Amino acid sequence: MTADTAIAQEPRIVTEIPGPRSRELHERRQAVVPPGVHSVMPIYIDRAHGSILVDVDGNHIVDVCGGIGVTTIGHTDEAVVAAATAQLNKVTHTLFTMTPYEPYIAVAEHLAKHVPGEGQYKTLLMNSGAEAVENGVKIARKYTGRPGVAVLEHAYHGRTLLTSSMNFKGAPYAAGYGPRVGDIYKAPNSYPLRDGLSGAEAAARTTAYLEKVAGAEDLACLVVEPIQGEGGFVVPADGYLPALAEWCRSNGIVFIADEVQAGIARSGAVFSIEHFGVQPDILLTAKGIAGGLPLAGITGRAEIMDASQPGGLGGTFGGNPVSCAAAVAVFEQIEAQGLLARAQHIEEVFGSGLRELAAQHPAIAEVRGKGAMLAIEIVKPGTLEHDPELVSRVIERAMGQGVLLLSAGIYSNVIRFLPSLQFTDELIATVLRVLDEAFAAEAA
Ligand code: PLZ
């Protein structure tokens, strides 16, 4: 079996949405899958290629979500499928901490090459974004000998017990699963649309808060998404991240960039932190790194990574050979397919189209983001009041036209766009037209 490259890269709706087969599967699922595992769109997918999902009813859906920023390179990219298939046929598992293999090293080399910073960088591989965050915190604690974990308001870091305690949004992620993990401090972030602060002012507010509430000398790390993902694609004001990094450096705090959503070419740079001129001590990757297979990286300065004792780090599936082979292909394809330029092109075309929409529809308060990580924040016109109902109605209308969109933001007040880097100008035009019609219909 090879990838279904024949899938036409356009929307095609042939049944009601969800269609009869999706509804049947959804019914079947109720008996065996708990409701805590909620699916935003109960449309069951059969196959996919490039930027198109084909559901079990034969509907072609334009994927502007990419499994939340995972299929950055596109669904079933041929090079990724070939590399993973070849590895699958060679060896699928040995456990790197038992009897290791080369692809793990190759991924670590790619990460070390791309992470912005001088000196030696080393990588631990795990399976998921949350595990990357968990291990980043462990490693920082071991290195500093301190307990405290600083995070920012509006942040999202995962669903394990530690990471769900780090998320800004307690409900639904941590509610009912307590006691929550202690020694986590949630400091104000930079949110230019809403706080009106310069980067320096916002950073001073963040660090003053942490010095008062946590005490800098108690902090092992500050974990920051350079561009917040679930929080609503919040791009911090210029100078904010460099000021935080400098403050961390002068206080012996490990600066951890959570690049799980923004990383791996999505933002138009391999890592989104590059846009801000910051060299992180530890950089976390997952999602897009292996083109859809589970893999996560914790890449840090050698001195920090080397502080952990042999046996302190790892896990059965961490750095699975098939995932590693896929990740190597992803890194190779970033260059071979000019994916950074593709992301920049998407920012230009999609971004300017969204700004045109914002000029016509007063519910769009702001267009923001970088590369193929773009968003619009939705408000009641003339105010900064959130309008999550409008967000969900626009998303529903788009789905009816075969365009899969996703919300973001603490108040579900943002529509985010995470197209693959294969997203064509025609598809961008389709999404813009569908949005334009949806906002016009809602305003009528
Ligand atoms: N850090 C910045 O965006 C995952 C959540 C999907 P995992 N975000 C999408 C869902 O509904 O569970 C994320 C992230 C950032 C960490 C994570 C966690 O990554 O691979 O989901 O564990």
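Worth saying up front: this structure is predicted, and the values here are computed from it rather than measured. Both counts, for ligands and for their atoms, begin at 1 and track the order of listing.
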(request) Among Y101, F317, Y104, find the one that has a ring pair (Phe, Tyr, Trp, His ring centres under 6.0 Å) with H93. (result) F317
(message) Quick one: does any side-chain atom of E347 pair with a main-chain N or O of G351 as donor and acceptor, under 3.5 Å?
(response) no
(message) If the condition is side chain to side chain donor-acceptor pair (under 3.5 Å), which residues does T160 pass it with, not counting sequence neighbours?
(response) E134, T163
(message) Quick test: of every protein heavy atom, which one is nearest to atom 1 (N) of ligand 1, and how far off is it to 0.1 Å?
(response) D258 OD2, 2.7 Å
(request) Measure the distance from atom 10 (C) of ligand 1 to every protein heavy atom, then report the residue, atom name and distance (to 0.1 Å) of the closest one. (result) R159 NH2, 3.2 Å
(message) Run the side-chain contact (heavy atoms from CB on, under 4.5 Å) test against I68 and tell me which residues pass, sequence neighbours left out.
(response) C65, E230, Q261, K287, L406, R416, L418
(message) As a check for students: among E230, Q261, K287, identify the option with a heavy atom nearest to atom 4 (C) of ligand 1.
(response) K287
(request) Run through D258, V149, I256, V151 and flag the one making a side chain to side chain contact (heavy atoms under 4.5 Å, CB included) with V133. (result) D258
(message) Quick check on contacts: which atoms of ligand 1 are under 4.0 angstrom from a heavy atom of S128?
(response) 20 (O), 22 (O)
(request) Could you tell me whether ligand 1 has any atom less than 4.0 Å away from a heavy atom of G129? (result) yes
(request) Can you pull out the closest protein heavy atom to atom 18 (C) of ligand 1? Residue, atom name and distance to 0.1 Å, please. (result) A130 N, 3.5 Å
(request) Please indicate whether any nitrogen or oxygen in I68 is less than 3.5 Å from any nitrogen or oxygen in ligand 1. (result) no
(message) Considering non-hydrogen atoms of the protein only, which is the closest contact for atom 2 (C) of ligand 1, and what is the distance?
(response) E225 OE1, 3.3 Å
(message) I need the single residue from I282, T144, V254, D281 that forms a side chain to side chain contact (heavy atoms under 4.5 Å, CB included) with I139. Which is it?
(response) I282
(message) Could you check whether atom 22 (O) of ligand 1 has a protein contact, counting only heavy atoms that fall below 4.0 angstrom?
(response) yes
(message) If the threshold is 4.0 Å, N to carboxylate O, is there a salt bridge linking R355 and E348?
(response) no
